[in-house]
2 protein chains.
Amino acid sequence: MDMNENKYEIMAEIFKAFADPTRLMILKLLSENESMCVCKIIEELKKPQPTISHHLNILKKSGLIRARKKGTWNHYYIVDPKIKYIISTMENVIGENK
Amino acid sequence: MDMNENKYEIMAEIFKAFADPTRLMILKLLSENESMCVCKIIEELKKPQPTISHHLNILKKSGLIRARKKGTWNHYYIVDPKIKYIISTMENVIGENK
DNA sequence: TTACAATATACAAAAATTTATATATAATTA
DNA sequence: TAATTATATATAAATTTTTGTATATTGTAA
């Protein structure tokens with residue numbers, strides 16, 4: 001069987017983006033809000049600003065979210081609507097195994 | 001908004017199980033083979049036995065796979081068929097963004 | 001029994017990740 | 001222009017993860 005490892009490295013990168021509670025909470029917020037500025041995300045999650053910025057950057061580099069600048073504000077939003085689907089599928093997996 | 005962090009910690013644990021190329025390759029093999037013994041997985045992936053055992057253990061602890069013992073052999077298999085679905089959904093996300 | 005084969009576990013070094021503090025930058029307003 | 005606000009970046013300590021070597025365990029067969 002052809003185990004094209006590179007393909008699975010790329011996939012693993014995307015799964016890694018999801019593999020952190022803070023990032024999942026950010027994705028949850030973004031999936032319910034069309035777009036959000038960093039300050040609003042900080043307010044909701046009550047974590048230090050550089051921590052949030054760091055996680056936003058990881059999500060952005062993974063291709064899951066993008067940013068649109070408006071003055072000083074930076075509004076982040078989810079790129080692919082399937083992301084919501086991945087999250088809810090994962091919620092089902094949890095529901096059935098725990 | 002209620003950001004029940006514990007829920008996202010549990011979800012992150014499951015995403016973490018997927019977030020490694022070796023584990024993704026193991027899941028891919030198991031998703032195509034009903035069940036496989038460790039020696040067969042080692043043969044396919046050409047990695048040291050303790051490395052494979054370690055990853056199998058992570059997948060087992062995450063609840064994604066289980067083992068059934070047959071003599072000296074240990075046969076691993078996927079628990080939830082939705083796992084195949086998660087992987088193929090992720091493959092689609094890759095396909096569209098890259 | 002003893003030897004062997006399949007697998008698990010212990011363990012340690014290397015690498016990657018998370019978090020927070022300090023600092024920089026850039027846009028806006030006074 | 002100076003001060004302020006929103007955000008990014010640098011960086012370092014702490015933690016977690018990955019990998020491989022050595023070793024233990026367990027079941028089978030001689």
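Because only heavy atoms are used, hydrogens play no part in the values below, and waters and symmetry mates are left out as well, while side chains stay in. No experiment lies behind these values; they were computed from the predicted model shown. So you know, we letter chains A, B, ... as the sequences are listed, proteins then strands, and number each from 1.
Proximity of Thr72(A) to the phosphate of dT7(D): no side-chain N or O atom is located under 4.0 Å from OP1 or OP2. Taking only side-chain nitrogens and oxygens, Ser53(B) comes nearer than 4.0 Å to OP1 or OP2 of dA8(C). Residue Tyr76(B) places at least one side-chain N or O under 4.0 Å from the OP1 or OP2 atom of dA8(C). Side-chain N/O atoms of His55(A) include none lying less than 4.0 angstrom from OP1 or OP2 on dT17(C). OP1 or OP2 of dA8(C) lies within a sub-4.0 Å distance of a side-chain N or O belonging to Asn74(B).
A straight line from CE of Met25(A) to C1' of dT18(C) spans 13 Å, rounded to a whole angstrom. The CD1 atom of Ile41(A) sits 13 Å away from the C1' atom of dA6(D) (whole-angstrom rounding). Distance CH2 (Trp73(A)) to P (dA8(D)): 14 Å, rounded to an integer number of Å.
In terms of polar N and O atoms assigned as donor or acceptor, the side chain of Gln49(A) comes within less than 3.5 Å of the base of dA8(D) in a complementary pairing.
With contacts defined as side-chain heavy-atom distances shorter than 4.5 Å, the pair Ile26(A)/Tyr76(A) does not qualify.
Looking at His75(A) and Arg68(A), their side chains never bring a donor and an acceptor atom within 3.5 Å of each other.
Remark: Lys47(A) engages Glu5(B) in a salt bridge, criterion side-chain N to carboxylate O under 4.0 Å.
Mapping Pro21(A) and His75(B) onto DNA chain C via the closest heavy atom, the residue that lands nearer the 5' end is His75(B). Residues Ile42(B) and Asp20(A) both approach DNA chain C. Their nearest nucleotides, taken by heavy-atom distance, put Ile42(B) toward the 5′ side.
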